[in-house]
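Please read all numbers here as calculations on a predicted model, not as lab measurements.
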Amino acid sequence: MSMASNFYLRYYVGHKGKFGHEFLEFEFQPDGKLRYANNSNYKNDVMIRKEAYVHKTVMEELKRIIDDSEIIKEEALWPPPNRVGQQKLEIVIGDKHISFATSKIGSLIHVNQSKDTEGLQVFYYLI
């Protein structure tokens with residue numbers, strides 16, 4: 001059984017504003033399928049959707065990065081999503097399943113002003 005066989009990763013960042021629901025999202029499924037979506041209505045852009053399969057070594061490297069980051073251990077006392085936007089990170093690794101949601105992070109200043117500076121730094125550097 002592959003090291004990445006029970007591994008799933010999804011990242012989303014987006015907001016709803018004068019150009020509608022704008023977002024960027026990517027998802028790695030256990031079978032290596034990578035799904036990417038980017039929706040911007042700025043200057044009448046259209047949604048971009050792409051799908052591809054990545055090699056098992058890519059999946060194993062993603063899993064290693066997640067393991068090394070120790071984000072699975074975070075309590076995530078992070079700023080909640082707000083009108084400026086939100087970010088979501090969902091990870092399934094082995095028998096663990098976590099899902100985080102926080103506001104958009106503009107810079108390390110936002111990280112350093114949070115209640116969970118260390119945990120949010122892990123998230124910030126991971127993404």
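With contacts defined as side-chain heavy-atom distances shorter than 4.5 Å, the pair Lys88/Phe100 does not qualify. Side chains of Leu89 and Arg10 form no contact here, defined as non-hydrogen atoms less than 4.5 Å apart. Asn6 is not listed as a side-chain neighbour of Ile93, based on a closest heavy-atom distance of 4.5 Å or more.
Listed by chain and residue number, Arg35, Ala37, Met47 satisfy the side chain to side chain contact (heavy atoms under 4.5 Å, CB included) test with Arg49 (two or more places apart in sequence, or in another chain). Applying the salt bridge (charged side-chain N to carboxylate O under 4.0 Å, His left out) criterion to Lys33, with sequence neighbours excluded, gives Glu51. Residues forming a side chain to side chain donor-acceptor pair (under 3.5 Å) with Gln86 (at least two apart in sequence, or on another chain): none. Every residue meeting the side chain to side chain donor-acceptor pair (under 3.5 Å) condition with Tyr36, not counting sequence neighbours, appears here in chain and number order: Asn38.
The two residues Glu22 and Ser40 make their nearest non-hydrogen contact at OE2-OG, 2.9 Å. Here the closest heavy-atom approach between residue Ile66 and residue Ser69 is recorded as O-OG, 2.8 Å.
Hydrophobic clustering, with ILVMFWY side chains joined whenever heavy atoms are under 4.5 angstrom apart, keeps Leu24 apart from Tyr12.
When hydrophobic side chains of Ile, Leu, Val, Met, Phe, Trp and Tyr are connected at separations under 4.5 Å, Tyr53 ends up as a singleton with no cluster partners.
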query = Would Phe7 and Leu62 satisfy side chain to side chain contact (heavy atoms under 4.5 Å, CB included), going step by step from the backbone distance to the final call?
reply = CA-CA 9 Å; Phe7 177 69; Leu62 282 169; 3.7 Å; yes
inquiry  = One pair to check against side chain to side chain contact (heavy atoms under 4.5 Å, CB included): Tyr11 and Gln87. What are the steps and the verdict?
reply    = CA-CA 7 Å; Tyr11 174 73; Gln87 297 182 90; 2.5 Å; yes
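Salt bridge present: Glu61 and Arg64 bring a charged side-chain N and a carboxylate O closer than 4.0 Å.
Within the structure, the side chain to side chain donor-acceptor pair (under 3.5 Å) test picks out the following pairs touching residues 89-101 (sequence neighbours left out): Glu90-His97.
Note that CG of Asp68 and NZ of Lys63 are 10.0 Å apart. Values are rounded to the nearest 0.5 Å.
In this structure, Phe28 and Phe26 have perpendicular ring planes: the angle between them is above 60°, well past the 30° mark.
Side chains of Tyr8 and Gln29: no donor on one and acceptor on the other come within 3.5 Å.
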